[in-house]
*Asks:* 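Take a look at the following structure, please.
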Amino acid sequence: MTANPIRPTIPFDGQGKHHGFLRLPYSRNDSAWGSVMIPITVIANGQGPTALLTGGNHGDEYEGPIALQQLAWEIAPEQVSGRVIIVPYMNYPAFRAGTRVSPIDSVNLNRAFPGRPDGTVSQKIANYFNDVLTPMADIVLDFHSGGKTLDFLPYAAAHYLEDKDQQSKCVAAMKAFGAPYSMMMLEIDAVGMFDTAVEVQGKVFVTTELGGGGTASARTAEIAIRGAKNLLRHTGILTGQIEAGESTMLDMPGDECFHFAERDGLLHMLVDLGDPVTAGQPIAHIWAPDRTGVAPVEVRANRDGILAARHFLGLVQSGDCLAVIAVTQGLSE
Ligand code: ZN
């Protein structure tokens, strides 16, 4: 078996706070013996569980990186019982390029798990998180947002799992995060995801979708910072009280939640994020991009619920995910 070539520049078992890098050898035209330097912080003190906090799995999603920079800066070892491993820019080349997938190999990191130690740069990153960092962790928080092309209601999420004991621990951690919405999530494309790789290893896993459009607002950044601290307090790693407000429970029970564009055009949303919709209600018009005088294509809601996500850009292409409708009943409390 090939060993992963990534080497940390700081110890994982040292007490106190260490800032360094995961150094990934990357030989290329402009740097023969060069490396990709992925920033990492480890804060450890005494006995306790380990939390792995990650952002920048997709390079154009910003709430996670902001929150994790803040925590890496702010948290002192004396406030910790156990260990916090913080990687704000997981897919570092994509983060620096401001793109969803890596500009080096065009790989979507969140479809590359469990990765390959002898693969491309992104496959090596995935493999290191799969084989080295995840096994160290008791709980993993992986931040996502909509990126440049989607926008979401701010929610933390847990997945439906076959192991119901593991699922209930994930749900408890999701609720502790305390986002305005909490989602039981169905993935449309779960193969190769970091989420799946972590859950297969039996770990507690929480993810988020906290906004989108390729930026972060003051409100969504604050939700991310507070949520990450809440999660660490929930595990007993960080001192202090959980600060969680009301969270609306959402469910995404089936494929009918997703709405895809079937033509190119100019997107005219008829409802906004958080608006209630009923089955059959028009939720968007797609106007012809090339002429006037033609009726728009009407997109109707497949089911009752609230608009939880939408295509962000003003133009749509056939096949784009246009809207996601979530339901507030089910797991609600
Ligand atoms: Zn993402």
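In listed order, ligands and their atoms are each counted from 1.
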*Asks:* Please check if any side-chain donor atom of Asp60 sits under 3.5 Å from a side-chain acceptor atom of Thr99, or the reverse.
*Replies:*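 No, no side-chain donor-acceptor contact under 3.5 Å.
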*Asks:* At the Zn ion (ligand 1), what is the angle formed between atom OE1 of Glu61 and atom ND1 of His144, rounded to the nearest 10°?
*Replies:* 90°
*Asks:* Donor-acceptor pair, Thr196 side chain versus Ala190 backbone, under 3.5 Å?
*Replies:*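 Answer holds: yes.
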*Asks:* I'd like to know if the side chain of Thr208 and the backbone of Leu210 have a donor-acceptor N/O pair within less than 3.5 Å.
*Replies:*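 Judged by distance alone, no pair lies under 3.5 Å.
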*Asks:* Taking backbone and side chain together, does Glu209 place any N/O/S atom at a distance below 2.8 Å from the Zn ion (ligand 1)?
*Replies:*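 Short answer: no, not a single N, O or S atom is under the cut-off.
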*Asks:* Looking at His58, pick out the N, O or S atom nearest to the Zn ion (ligand 1) and give its name.
*Replies:*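 Considering only N, O and S atoms, His58 comes nearest to the Zn ion (ligand 1) through ND1.
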*Asks:* Grouping I, L, V, M, F, W and Y whenever their side-chain heavy atoms are under 4.5 Å apart, do Val198 and Leu53 come out in a common cluster?
*Replies:* no
